[in-house]
Amino acid sequence: MKPSTSILTKSLPLHRATSFKFHQIHLLRLSPLPNFCNENRANASFSFRVCCKVKTPQDKSKKPISNKIVVAEGAPSLKEDGEERQNDGQASNQPKKPSSNLSGFMKGIPRRVLAVLSNLSLAIGEMFAIAGLMALGTVIDQGESPDFYFQKYPEDHPVLGFFTWRWILTLGFDHMFSSPVFLGTLVLLAASLMACTYTTQIPLVKVARRWNFMELPEAICKQEFSEKLPQASIQDLGVVLMGAGYEVFLKGPCLYAFRGLAGRFAPIGVHLAMLLIMAGATLSATGSFRGSVTVPQGLNFVVGDVLNPSGFLSNPTEAFNTEIHVNRFYMDYSDSGEVSQFHSDLCLFDLNGKEVMRKTISVNDPLRYGGITIYQTDWSFSALQILKDGEGPFNLAMAPLKLNGDKKLFGTFLPIGNADSPNVKGISMLARDLQSIVLYDQEGKFVGVRRPNSNLPIEIDGTKIVILDAIGSTGLDLKTDPGVPIVYTGFGALMLTTCISYLSHAQIWALQDGTTVVVGGKTNRAKADFPDELNRLLDCVPELVQKSKQKSSDSMIG
């Protein structure tokens with residue numbers, strides 16, 4: 001009997017071997033093969049088409065072609081990166097290049113170092129150490145003079161029995177976030193994150209991206225979820241999985257599908273985001289400038305005279321030559337008379353005296369120019385402008401008398417009579433804010449209250465006084481922080497990658513075993529919902545009807 005391209009047979013089992021075996025196949029009917037999943041399967045025959053190439057001899061003799069159809073028992077298996085691949089069933093004859101002992105030794109050193117750095121316990125310890133140093137930095141006053149630490153942490157009364165000013169000044173804890181100990185711990189944690197990414201996360205992504213076909217039913221049945229579909233086609237299963245959002249790959253009777261690969265990339269993104277945050281924080285600690293100033297209304301100051309470097313990477317810019325003029329300082333008050341907000345009208349001038357910017361700032365509404373940020377943080381009472389018996393105006397400097405948090409009290413003194421006398425007497429003026437002035441006579445008795453700009457005179461001990469204006473001082477904090485954009489970017493990436501990491505990476509394998517499709521799968525998350533989801537997909541796979549049954553049903557209908 002001549003061979004035909006349409007034969008009745010079961011699919012041949014796939015076996016892994018060093019070389020392919022070939023079989024001569026005639027029109028025949030094979031007995032059913034045992035099921036690899038240890039389940040009985042009914043004998044059934046079905047029709048399918050086998051397309052093969054007929055090999056012919058290369059000589060020129062006119063010999064009859066042998067009636068043989070050559071079918072490979074199995075397809076070449078996928079290998080890991082770096083392994084030799086088999087080509088068309090033939091083993092590779094290329095010899096492996098022997099590696100020298102020296103190169104192997106040199107390669108072994110970095111691997112051991114990476115193994116130590118990528119240790120999870122070490123990384124957790126580093127994070128706890130950083131958290132402890134940050135907590136210590138909030139307890140210890142930062143940026144104070146050495147005398148402050150000599151008095152607060154003396155050697156004769158050490159904190160906890162051992163902690164004195166020597167620890168603070170030697171280890172740099174007076175500037176904790178730029179100290180070598182803190183920065184060194186950050187560098188060690190960054191090295192651990194990079195080592196973990198290189199040795200663990202990147203290989204996991206490479207394996208997840210590889211089309212990993214399983215050619216044995218036993219391997220599929222060992223997955224977290226496995227099922228058999230009798231009278232089914234692996235192509236129909238692939239169509240159903242594609243409709244559910246899976247990436248599907250077919251190789252002969254084998255199928256591999258996956259979904260949610262982004263969840264595998266997310267841990268790498270989390271590590272990169274943490275590296276960005278630490279890099280930005282390090283740049284802020286070692287490359288920024290900070291300073292504060294209290295400026296009376298109407299006066300100027302130069303930015304570079306106020307800012308002080310915080311680390312060895314601090315580099316001044318052209319904006320440091322900017323001159324700032326305080327046009328006006330004023331405050332808003334609540335119904336109870338308390339200060340609710342204060343404002344500063346600022347003008348910025350370049351070296352040529354040209355105004356480059358003007359803005360009224362307030363608390364939580366800073367001014368930003370040339371990488372410099374100016375914050376409204378405080379206020380003070382600078383001077384009191386008065387008329388004395390129609391003469392003036394005179395500016396009386398106001399001095400702080402009491403500072404208790406937000407409760408402030410300022411005072412000044414107007415001498416009356418001979419100022420050179422040893423017993424000088426005069427009028428005392430006290431102010432809690434810029435909206436009212438309390439006046440006392442030479443004996444210290446209360447006389448009255450006047451508001452600035454009210455132009456209402458008050459006579460005290462024969463002297464007529466008019467309060468014209470209360471001149472305030474604005475308290476400004478200036479800083480440059482080049483690491484802020486990097487830190488914000490890192491936190492944004494951290495939130496995004498953390499959300500992406502919750503995506504499940506699901507993998508499905510299938511094998512056409514005769515008329516049965518063996519299906520198995522696993523997922524790294526949502527393990528309880530994965531079997532239900534896969535069962536719903538498998539229910540959508542259509543059932544194949546055998547040709548013999550179709551013909552018998554057609555004859556009965558006819």
Side-chain angles (χ1 to χ4, degrees), residues 78 80-82 111 113-131 134 185-214 223-225 241-249 255-283 483-509 520-534 536-537:
L78 296 178
E80 297 289 334
D81 292 342
R111 290 179 182 176
V113 173
L114 290 175
V116 173
L117 289 175
S118 59
N119 185 271
L120 180 60
S121 300
L122 176 63
I124 294 175
E126 292 163 355
M127 287 189 285
F128 273 107
I130 292 174
M134 293 176 66
T185 310
L186 283 182
V187 171
L188 186 59
L189 178 59
S192 295
L193 290 175
M194 290 187 289
C196 179
T197 302
Y198 178 75
T199 60
T200 304
Q201 300 301 333
I202 293 179
L204 285 177
V205 172
K206 289 182 177 180
V207 171
R209 294 184 62 186
R210 187 175 295 118
W211 303 349
N212 183 19
F213 295 95
M214 291 187 181
Q223 299 303 313
E224 297 174 359
F225 175 88
L241 293 177
M242 288 177 62
Y246 283 83
E247 295 286 340
V248 180
F249 305 93
L255 177 145
Y256 172 66
F258 70 86
R259 186 179 66 181
L261 187 60
R264 286 294 187 185
F265 284 96
I268 299 178
V270 171
H271 289 181
L272 293 178
M274 294 179 65
L275 290 174
L276 281 177
I277 294 172
M278 290 188 291
T282 302
L283 183 59
V484 167
I486 302 176
V487 172
Y488 284 177
T489 302
F491 272 110
L494 181 62
M495 291 185 290
L496 179 61
T497 52
T498 302
C499 294
I500 295 176
S501 65
Y502 285 96
L503 296 177
S504 300
H505 177 237
Q507 296 174 284
I508 296 176
W509 293 269
K522 66 177 182 179
T523 182
N524 63 336
R525 298 185 184 275
K527 295 182 179 293
D529 299 333
F530 180 69
D532 297 335
E533 178 189 359
L534 194 53
R536 289 193 297 268
L537 295 177

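In what follows, residues are counted from 1 in the order of the sequence shown. This one's a predicted model, so the numbers in the text were calculated from it and none came from an experiment.
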| Once you round to the nearest 0.5 Å, how far does OG1 of T282 lie from CG of L275? | 10.5 Å
| query | When you measure from the side chain of T200 to the backbone N and O of T197, does any donor-acceptor pair fall under 3.5 Å? | reply | no
| query | Below 4.5 Å, heavy atoms only, C-beta onward: do L276 and L272 meet side chain to side chain? | reply | no
| task | Using the six-membered ring wherever Trp is involved, compare the ring planes of F213 and Y256 and label them parallel, tilted or perpendicular (cut-offs 30° and 60°). | result | perpendicular
| query | Are side-chain heavy atoms of T498 and M495 found at a separation under 4.5 Å? | reply | no
| message | Test side-chain contact (heavy atoms from CB on, under 4.5 Å) on R259 and L241; report intermediate values, then the result. | response | CA-CA 10 Å; R259 186 179 66 181; L241 293 177; over 6 Å; no
| remark: Rounding to 0.5 Å, atoms CE (M194) and NE2 (H271) come to a distance of 12.0 Å
| remark: Closest heavy-atom pair, M278 versus L189, reported as atoms and distance to 0.1 Å, is SD-CD2, 3.6 Å
| message | Tell me the closest heavy-atom pair linking H505 and N524, and the distance in Å. | response | N-OD1, 2.7 Å
| field | Least distance between heavy atoms, S504 atom then A526 atom | value | OG-CB, 3.6 Å
| said: Please give me the minimum heavy-atom distance between Y246 and E533, naming the atom from each residue. | reply: OH-OE2, 4.0 Å
| task | Calculate, to the nearest 0.5 Å, the distance between atoms CG and CD belonging to L193 and E126 respectively. | result | 8.0 Å
| note | CG (L494) and OG1 (T489) are apart, to the nearest 0.5 Å, by 12.5 Å
| note | Rounding to 0.5 Å, atoms OG1 (T497) and CD1 (I268) come to a distance of 11.0 Å
| task | Measure the spacing between CG of D532 and CZ of F530 and express it to the nearest 0.5 Å. | result | 11.0 Å
| Minimum heavy-atom distance between V487 and A281, given as atom pair plus value | CG2-N, 3.6 Å
| Side-chain (S192) to main-chain (S118) donor-acceptor, under 3.5 angstrom | no
| message | Tell me the closest heavy-atom pair linking V248 and A257, and the distance in Å. | response | CG2-CB, 4.0 Å
